[in-house]
There are 2 protein chains.
Amino acid sequence: MATVGESNPSHRQPAAETGTSAAPLADRNGNRVSSRPSNLVTGGIPDIVIRRLPVYVRTLSLLADRGVESVSSDELARHIGVTAAQIRRDLSYFGKFGKQGKGYSTELLAGTISRILQLDRQWDVALAGFGNLGRAIAHYRGFLPAFRVAAIFDSSSERSGERFNELTVQPVERITEIVAAEKIRIGIIAVRTGAAQDVADRMIAGGARALLNYTTVVLRVPANVTVREIDPVGAMQSMTYYLDERDD
Amino acid sequence: MATVGESNPSHRQPAAETGTSAAPLADRNGNRVSSRPSNLVTGGIPDIVIRRLPVYVRTLSLLADRGVESVSSDELARHIGVTAAQIRRDLSYFGKFGKQGKGYSTELLAGTISRILQLDRQWDVALAGFGNLGRAIAHYRGFLPAFRVAAIFDSSSERSGERFNELTVQPVERITEIVAAEKIRIGIIAVRTGAAQDVADRMIAGGARALLNYTTVVLRVPANVTVREIDPVGAMQSMTYYLDERDD
DNA sequence: CCGAAATCGTGCCATATTTCACAATTATCC
DNA sequence: GGATAATTGTGAAATATGGCACGATTTCGG
Ligand SMILES: NC(=O)c1ccc[n+]([C@@H]2O[C@H](COP(=O)([O-])OP(=O)(O)OC[C@H]3O[C@@H](n4cnc5c(N)ncnc54)[C@H](O)[C@@H]3O)[C@@H](O)[C@H]2O)c1
Ligand SMILES: NC(=O)c1ccc[n+]([C@@H]2O[C@H](COP(=O)([O-])OP(=O)(O)OC[C@H]3O[C@@H](n4cnc5c(N)ncnc54)[C@H](O)[C@@H]3O)[C@@H](O)[C@H]2O)c1
């Protein structure tokens, strides 16, 4: 396997981009806004490429499960809905994984990209907010097996203290302490909007460096923290632009 | 106000894009796969610009509600986390809304962009899937007031027939019929992955032209249908790339 | 009413991203 | 075994996106 895989990832650290400055706000797909790694300075790999990798893994794994042993960039591209050249280019940032005349081994490539993304381990995640959304996230099995909710926080005195599986919902005051103690690097923010920045700050103080933000708040985070936005409302609001009364 | 606002939006229709050529996301049948409209051909406005507009509206409305009457591109940029030039450029696609020396009227600009996005009306939405996620979406107030769940579908015989507010959950077989009858243009897909394409096809057959896809399935849709993906798992999986054991 | 300060809109340039297209390599078939 | 077909990885070109910087215009304080 080529270079990146399990090598020391320190060189990948998102380029410095402080608070408000240069951070672009929406990715190509529809996922949203805010501080994601700038994509060039480090000589690193463009974030837009990184964001496509999960789809590759997903599709390759699906094919592998179906018993398909190898796949060409062209066929993979048709499955995913991108161009074959893009897939080949994306992969070329990391090494050479294909075989001319044959294509890529589905299983091998899925495994390789998983390692590149560090998905070959389980990550503990801190969940803040245990309201409707927070509960839904806690119950959602789709994050498994790479991600496991290891701590839950809520400010409400009714909710804090509540049990979920083997976890007790903790008060927000303990976020920093617990995130640090459990070495949690990833946070999910599902609190009411007014509390989002505070909760993010506490998580970061405890050592979190990746935040999944379900609120519409634009989070201010240091340059070494990655934030991804989940913004279904924004997605809907941008689709209506294209709607027309009559149609085809 | 400038041109676009409530003018006939037919010219905005995503360019019909045949085959794989100009459009990055087309499959063999000329069906655009997955999200966003092609962004150039029509001489139309780049989709990436459209996708930023909801954030502008949101922020401007917030400021207006706080009693801020006008805001400069610079200040707005600081709130949102983009550059002032980008905001000015984005707006310039639609007209001239600012006043030199002063900035933009928060209320006016929020209203103008809302009209551009056609958010100055209520859109009926069809929701497919009434499991955990579907229920959460149905209860979620964040889509209001621009979007209203007007029909709910589920294949399960237990769920179909169930009531939600004044709605009865309907079987998937009725999607096309009901979507057509109620002139619904927007669908939300929250069914199990295996059913996503089928449900999408039925909605489109009934006249839906915008789909919010919560599943990980890559939907095949005609070129005149916009799809946006909500993919929190992918977002998480791409953030782990940047995580490092030690940090800073 | 004046000069300084603020701010927009945009031409033009810089950067980022995608795509083309082809040499090199490997597979396949007879 | 040799000819043909398939397919990769990548330099170079093409597009798309972002940002600088400045003329033009408006505001503002006195
Ligand atoms: N992106 C999405 O798909 C999506 C969907 C639904 C809701 N949301 C957003 O997620 C957030 C939560 O939505 P919800 O429907 O779960 O609301 P909710 O009211 O059910 O839950 C909010 C929770 O946050 C808790 N909370 C309030 N202040 C807190 C604080 N300082 N620290 C920790 N917890 C605190 C409350 O006690 C409550 O449990 C909102 O911002 C909402 O807009 C996003
Ligand atoms: N993007 C996200 O944030 C997110 C979060 C949770 C779940 N999901 C995804 O959303 C989907 C639903 O998740 P869930 O947790 O609600 O699962 P669920 O099992 O609770 O609900 C799925 C629902 O789909 C219904 N269904 C199955 N086949 C159908 C068909 N042919 N037509 C209509 N309805 C059908 C089922 O009856 C059930 O009610 C899954 O694909 C899941 O991976 C996405």
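Throughout, a chain's letter reflects where its sequence line sits, starting with A, and its residues are numbered from 1.
Ion pairing between A/Arg52 and A/Asp90 holds under the 4.0 Å rule for side-chain N and carboxylate O. A salt bridge links A/Arg228 to A/Asp47: at least one charged side-chain nitrogen sits closer than 4.0 Å to a carboxylate oxygen.
Put simply, A/Ser73 has no side-chain N or O that comes within less than 4.0 Å of OP1 or OP2 on D/dT7. The phosphate of D/dT17 (OP1 or OP2) has no side-chain N or O of B/Arg52 nearer than 4.0 angstrom. Considering only side-chain N and O atoms, B/Thr83 lies nowhere under 4.0 angstrom from the phosphate OP1 or OP2 of D/dG18. OP1 and OP2 of C/dA21 both lie 4.0 Å or more from every side-chain N or O belonging to A/Arg88. Side-chain N/O atoms of B/Lys96 include none lying less than 4.0 angstrom from OP1 or OP2 on D/dT25.
Pairs engaging residues 101-110 of chain A under the side chain to side chain donor-acceptor pair (under 3.5 Å) rule: none recorded [sequence neighbours left out].
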Would you mind writing out the side-chain donor-acceptor pairs for residues 61-70 of chain A within the sub-3.5 Å range, not counting sequence neighbours?
residue	atom	partner	partner atom	Å
A/Ser61	OG	A/Val57	O	2.8

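Residue side chain B/Arg89 reaches the base of D/dG19 through a donor-acceptor N/O pair under 3.5 Å, judged by distance alone.
Between C/dC8, D/dC20, C/dT19, one nucleotide has an atom nearer to the side chain of B/Tyr104 than all others, and that is C/dC8.
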Scan nucleotides 26-29 of chain C against the protein and return all N/O pairs shorter than 3.5 Å with their distances rounded to 0.1 Å.
residue	atom	partner	partner atom	Å
C/dT26	O4'	A/Gln100	O	3.3
C/dA27	OP1	A/Lys99	NZ	3.1

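Summary of the strand contacts: B/Ala84 and A/Val49 both lie near DNA chain C, and taking for each the nucleotide with the nearest heavy atom, the more 5' one is attributed to B/Ala84.
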